[in-house]
Trainee: 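Dropping a structure here in structure tokens format, bear with me for questions.
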Amino acid sequence: MRGSLERALDTLSRLYPERKSFLDYETPFQLLVAVVLSAQCTDACVNEVTPALFSAYPDPAALANASPAELEALVFRTGFYRTKARHIREAAAIIVERFGGKVPGTMEDLTSLPGVGRKSAGVLLARCFGGQAIIVDTHFARVAWRLGLTAKGKNGLNPILVERDVAAALPKGRWTECSDLLNRHGREACFARKPRCLSCPIAAECDAFPVPGAV
DNA sequence: ATCCCGAGGG
DNA sequence: CCCTCTGGAT
């Protein structure tokens, strides 16, 4: 990276002052379900299916007893619908049986749930448990790579390595803020295709500037 | 490395 | 047609 990550974050925090979630939810349980459904699909799509889902299954006990076919129908549009339906149902059962009906608040317990990897667990820790986490999704990884914070390996970007590299470049107190801001920048300007490099406020700090085909 | 899997953009 | 959209499990 050409400049300081902390200075880039200061700039982005002025560009994106509010730090809202893009997934609709009211409780940790609802966020857990929404995050699992968000794999490889847009949050807008998730938000279309979750109202009916949360209405039909308001808590882990209800979801654990859901009919698989009915559940698959409700989450169909999010893609990977068989896998996702099974994961959220099994996760709900585990939450009831092992965690007293409450979503657990540690990385280890969260990632023990089916369908919950480090990225999804990080979202829960940061949003519901006040934790600090480097949340590596497709947007975050792309932006971190373009800035020059991490490198691609044989198989492209490895989320674990991206997390390690960014964590090493930043005090832990800013991990979640960094996750939010790079993610937000990725979805609003630093697109995978035709990113808005010409109006990017942190272009001067970016190793990839200007990305070929940028506008 | 591969599979799961629908939807929209270019 | 190919890529991308807040990944995770095998």
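Order of the sequence lines sets the chain letters (A, B, ...), proteins ahead of strands, with each chain counted from 1.
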Trainee: Between A/R146 and A/D207, is any pair of side-chain heavy atoms under 4.5 Å apart?
Mentor: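 No, side chains not in contact.
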Trainee: Under 4.0 Å between a Lys/Arg side-chain N and an Asp/Glu carboxylate O for A/R184 and A/E18?
Mentor: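 Here A/R184 pairs with A/E18 in a salt bridge, since their nearest N and O are under 4.0 Å apart.
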Trainee: Taking the C1' atom of each, how far is C/dT4 from B/dC5, in whole Å?
Mentor: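 Their C1' atoms lie roughly 14 Å apart.
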Trainee: Would you kindly give the CD1-to-C1' distance between A/I160 and C/dG7, to the nearest whole Å?
Mentor: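 Value for this atom pair: 12 Å.
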Trainee: A/E188 CD to C/dC5 P: how many Å, rounded?
Mentor: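 A/E188 atom CD is separated from C/dC5 atom P by 14 Å.
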Trainee: What closest approach, in Å, do A/T11 and A/P201 show between heavy atoms, and which atom pair accounts for it?
Mentor: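 Taking every non-hydrogen atom into account, CG2-CB, 3.8 Å.
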Trainee: For A/R193 and A/R118, take the nucleotide of DNA chain C holding the closest heavy atom to each; which residue's nucleotide lies nearer the 5' end?
Mentor: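 With A/R193 and A/R118 compared, the 5'-side residue is A/R193.
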Trainee: So, taking the atom named CZ in A/R82 and the one named CZ in A/F76, what distance separates them when rounded to the nearest 0.5 Å?
Mentor: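 That separation rounds to 9.0 Å.
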Trainee: Does any residue of residues 74-97 of chain A have a heavy atom under 4.0 Å from DNA chain C, and if so, which ones, in number order?
Mentor: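 Correct list: A/F80, A/H87.
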Trainee: Using heavy-atom distances to pick each residue's nearest nucleotide on DNA chain C, tell me which of A/T111 and A/H139 is more 5'.
Mentor: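 Nearest-nucleotide comparison on DNA chain C picks A/H139.
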Trainee: Side-chain contact test, heavy atoms from C-beta onward, threshold under 4.5 Å: evaluate it for A/I135 versus A/F140 and give yes or no.
Mentor: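 No, every pair of side-chain atoms sits at 4.5 Å or beyond.
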Trainee: Could you pick out which residue, A/K154 or A/T42, lies toward the 5' side of DNA chain B when each is mapped onto its nearest nucleotide?
Mentor: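 Result: A/K154.
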Trainee: Base, sugar-phosphate, or nothing: which does A/R142 touch, judged by heavy atoms less than 4.0 Å apart?
Mentor: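 Result for A/R142 = sugar-phosphate.
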Trainee: Nearest whole angstrom, please: distance from the P of C/dG8 to the NZ of A/K119.
Mentor: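 For the pair A/K119 NZ and C/dG8 P, the rounded distance is 6 Å.
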Trainee: For A/L157 and C/dG7, give me the distance from atom CG to atom P, rounded to whole Å.
Mentor: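 Distance, rounded to whole Å: 13 Å.
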Trainee: Rounded to whole Å, how long is the line connecting atom CG of A/L113 with atom C1' of C/dA9?
Mentor: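 From A/L113 CG to C/dA9 C1': 14 Å.
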Trainee: Base, sugar-phosphate or nothing for A/L37? Non-hydrogen atoms, less than 4.0 Å.
Mentor: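 No contact at all - A/L37 keeps every heavy atom at 4.0 Å or more from the nucleic acid.
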Trainee: Provide, to the nearest angstrom, the distance between the CG atom belonging to A/N183 and the C1' atom belonging to C/dC5.
Mentor: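 Interatomic distance, CG of A/N183 to C1' of C/dC5: 12 Å.
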Trainee: To the nearest 0.5 Å, tell me how far A/C190 SG sits from A/W145 CH2.
Mentor: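 The CH2 atom of A/W145 is 9.5 Å from SG of A/C190, to the nearest 0.5 Å.
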Trainee: Please give the remaining members of the hydrophobic cluster of A/F209, linking ILVMFWY side chains under 4.5 Å, ordered by chain and number.
Mentor: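 Joined to A/F209, directly or through intermediates: none.
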Trainee: With C1' as the reference atom in both, quote the distance from B/dC4 to C/dC5 in angstrom, rounded to an integer.
Mentor: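 It comes out at 15 Å once rounded to the nearest Å.
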Trainee: Tell me whether the side-chain N/O atoms of A/Q40 come closer than 4.0 Å to OP1 or OP2 in C/dG7.
Mentor: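 Answer is yes, contact under 4.0 Å.
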Trainee: Within the pair A/T138 and C/dC5, is there a side-chain N or O less than 4.0 Å away from OP1 or OP2?
Mentor: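 Answer yes for this pair, as a side-chain N or O of A/T138 is under 4.0 Å from OP1 or OP2.
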Trainee: To the nearest Å, give me how far apart CG (A/N158) and C1' (C/dG8) are.
Mentor: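 Going from A/N158 (CG) to C/dG8 (C1'), I get 14 Å.
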Trainee: Atom NZ of A/K194 to atom C1' of B/dG10: distance rounded to whole Å?
Mentor: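 Interatomic distance, NZ of A/K194 to C1' of B/dG10: 7 Å.
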Trainee: What verdict does the salt bridge (charged side-chain N to carboxylate O under 4.0 Å, His left out) test give for A/R174 and A/D10, after you've listed the backbone C-alpha separation in whole Å, the side-chain angles of each residue and the deciding distance to 0.1 Å?
Mentor: CA-CA 11 Å; A/R174 298 194 76 174; A/D10 293 341; 2.9 Å; yes
Trainee: Checking all strands, does A/V116 fall into the base, sugar-phosphate, or nothing category for heavy-atom contacts under 4.0 angstrom?
Mentor: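 The answer is sugar-phosphate, as A/V116 gets under 4.0 Å only of primed atoms, P, OP1 or OP2.
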